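Presented below is the structure to which this report refers.
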Amino acid sequence: MPELPEVETIARGVDARVRGDRVVEAWFSGEREPFKTPPVRQAQGLAGRAFLSVYRAGKHIVCAMGPAADERLRDGEQAEAQWIVHLGMTGRLLVTTAAAPAEKHTHARLTLKSGRELRFVDPRRFGRLEFRELQRGPAFGAPGAEPLEIGAAAFAALFRGRRTSIKAALLNQKLLAGVGNIYADESLFRAGIRPRRIAGRLSRAELEQLRQALKKVLRHAIRLGGSSVNDYVDAEGERGFFQLQHFVYQRAGEPCRRCATPIRRIVIAGRGTHYCPACQH
Ligand SMILES: [Zn+2]
């Protein structure tokens with residue numbers, strides 16, 4: 001499942017390719033899923049609108065769309081609508097030529113004025129597509145705080161009084177948006193904190209180490225992703241995401257890269273959790 005760095009990378013890649021382009025026509029499959037807004041409404045809502053920008057909010061990709069009628073795009077144009085894409089487990093957002101054959105499980109095809117197409121492909125249909133008209137309702141906002149932007153005091157406040165493990169708290173999307181299993185395990189390793197520790201009992205200094213570690217690992221992964229963005233935004237075939245060299249994630253039994261102690265695997269909140277019993281306290 002794509003996590004924050006992958007979603008960020010895809011959003012940037014799509015932004016670079018469609019910003020300023022206009023939707024000529026939108027086609028949606030007749031499936032019940034993955035549509036949070038009925039496909040007919042999405043198609044009508046998107047037709048004629050230009051992409052002002054594409055950005056990440058939590059694990060969602062938000063396309064900020066301009067007015068439907070105006071042909072000229074002004075600088076600093078306010079978004080009038082949003083097309084919100086959640087990739088789920090297997091969803092992909094592709095920029096192709098109109099002539100490129102559509103893959104199986106293509107649920108959306110946005111024909112653009114440039115001749116390109118923006119396509120959403122999702123074999124397992126856990127992804128979600130939503131359309132919002134901002135005159136009729138609120139703009140989309142991911143529920144949790146942005147881990148790349150949050151300051152020390154606000155970060156510490158998220159965990160105050162929490163009796164769950166720090167691992168479970170990191171995965172709680174209402175607290176932090178977009179942190180999944182890989183980056184939770186990797187940031188806890190870098191901060192030297194055991195995943196089972198009670199979130200509310202971590203010291204301010206430990207939480208600050210965790211915040212820094214989380215930012216660092218996410219930024220590093222985004223940097224890695226930047227070089228491989230073509231592989232999953234421009235492609236038509238099945239491609240894997242770039243991978244960070246993991247310290248602990250899915251390395252159970254293998255030697256710790258810092259101290260050679262075998263990495264342990266436990267289950268927290270139903271998720272496989274990996275840590276080094278020597279490096280993490
Ligand atoms: Zn170790």
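Here the structure is a predicted model, which is why all the values come from computation and not from measurement. Both ligands and their constituent atoms are indexed starting at 1 by order of listing.
- Residues satisfying the side chain to side chain contact (heavy atoms under 4.5 Å, CB included) test with Ala156, not counting sequence neighbours, are Arg160, Arg204, Leu207.
- Looking at heavy atoms from C-beta onward, Asn181 lies in side-chain contact with Lys167 at the 4.5 angstrom threshold.
- For the residue pair Arg116/Thr97, the side-chain donor-acceptor check at 3.5 Å is not satisfied.
- A search for ring pair (Phe, Tyr, Trp, His ring centres under 6.0 Å) contacts involving Tyr55 returns nothing, not counting sequence neighbours.
- Taking the ring pair (Phe, Tyr, Trp, His ring centres under 6.0 Å) definition, one finds that Tyr275 meets it with nothing, sequence neighbours left out.
- Protein atoms that are N, O or S and lie under 2.8 Å from the Zn ion (ligand 1) are these: Cys256 SG, Cys259 SG, Cys276 SG, Cys279 SG.
- With hydrogens and angles left out, the side-chain atoms of His107 and Asp122 include no donor and acceptor closer than 3.5 Å.
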